[in-house]
Amino acid sequence: MPMRYHGTVIRPPSEAYSYILQVTYGCSHNCCTFCGTYLDKPFQPRQIDEVLEDIQMAGRMMPDTRRVFLADGDALGLSTRRLTQILAALNAAFPHLERVGTYANAQNLLSKSESELERLVQQGLGIVYLGLESGSDEILSQIEKGATAAEMITAVQKAQRAGLLVSIIGILGLGGPERSEHHAKRTGQVVSQMDPDYFSMLTLMLVPGTKLHGQWQTGEFKLLEPEEMLAELRQIIEHTDGLSQCVFRTNHASNYLPLKGTLPQDKERLLQSLDAALARGKEVLRPETWRGL
Ligand code: SF4
């Protein structure tokens, strides 16, 4: 079986048709207060023999594979030597391979030299997905993200110089009602500075067992109402400025309203869609029971 998975495995919506290959287990940070994804497994690189065995089996069973996603949380945290070995095996197994993607955090990108990243790009690494979550340092510190906005901007610019596509992910509602405006403004501004190829927003869903869920239970943290989440999204889009050509999506299942466009050209249309949804209220929003992570 080429799909031997351990624990919860997630991937971005745009990697739905990719071959998901687990090269690490968990997330080396594993501290973000809202994230329960890898609470079930401590971080560890997967045995290389097992990874190579999976690739060979997948190559025999799915030789036409064009896209591969390296899981789990921050596969880019592996050494360049190990990643090179994995990419070489993928190229050998899949003659039509077009792109390999992975999640990455600021630390993964900052700890590799630009030439190391370039080498990975030459071997087929094509896109990294980075969870910015918020552009506000205050909120980033509160959620224990482990990186500042400035560090994430530097990391993204380094990835872009090396030739990687970058997809940025933010989370609506992370600042609660008190910091909603600040969260929106800083997120729009930081994404603008990053000027990524893709930008998507998720909507906060509290996961039992996480620190943030506990803070919500004690009243320390408050969730936004669905309409407030949309108003926050509107402000984020409003604060984007100077983007070159950025595909924007809210197609993740956690969102109340799926939107798609390219910024900056679709900015007005996206704002109008949000205004129309806000005017109509809950009837146009994804029902709570249909939302998911
Ligand atoms: S949000 Fe990302 S970096 Fe934070 S704990 Fe979860 S997987 Fe790790």
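Both counts, for ligands and for their atoms, begin at 1 and track the order of listing. Every heavy atom of this structure was used, including side-chain atoms; hydrogens, water molecules and symmetry mates were not.
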side-chain contact (heavy atoms from CB on, under 4.5 Å) assessment of L271 paired with E238 = CA-CA 8 Å; L271 293 176; E238 242 185 324; 4.1 Å; yes
task = Evaluate the ring planes of F199 and F248, with Trp represented by its six-membered ring, and classify them as parallel (under 30°), tilted (30 to 60°) or perpendicular (over 60°).
result = tilted
query = Taking R4 as the fixed residue, which of E53, E50, Q22 is the one that meets the side-chain hydrogen bond (donor to acceptor under 3.5 Å, both in side chains) rule?
reply = E53
request  = Establish, yes or no, whether the cationic atom of R291 lies under 6.0 Å from the six-membered ring centre of Y256 and within 45° of the ring axis.
outcome  = yes
query = So which bit of C32 gets within less than 4.0 Å of ligand 1, heavy atoms only: side chain, backbone, both or neither?
reply = both
remark   = Taking only non-hydrogen atoms of F34 and a 4.0 Å limit, the atoms of ligand 1 in range are 1 (S)
remark   = The closest protein heavy-atom partner of atom 6 (Fe) of ligand 1 is C35 SG, 2.4 Å
ask   = Quick one: nearest non-hydrogen protein atom to atom 8 (Fe) of ligand 1, plus distance?
value = C27 SG, 2.3 Å
message = I'd like to check which ligand 1 atoms, numbered from 1 as shown, lie under 4.0 Å from a non-hydrogen atom of N30.
response = 5 (S), 8 (Fe)
key: Any I169 side-chain heavy atom under 4.5 Å of Y129 side chain   = yes
request  = Answer side chain, backbone, both or neither: which part of Y103 comes under 4.0 Å from ligand 1, heavy atoms only.
outcome  = neither
query = How close does the nearest protein non-hydrogen atom get to atom 2 (Fe) of ligand 1, and which residue and atom is it?
reply = K145 NZ, 4.2 Å
ask   = Does any N, O or S atom in C31 come within less than 2.8 Å of atom 8 (Fe) of ligand 1?
value = no
request  = Heavy atoms only: give me the nearest I171-T203 pair and the separation to one decimal.
outcome  = CG2-C, 4.3 Å
ask   = Any idea which atoms of ligand 1 are less than 4.0 Å away from a heavy-atom of Y38?
value = 7 (S)
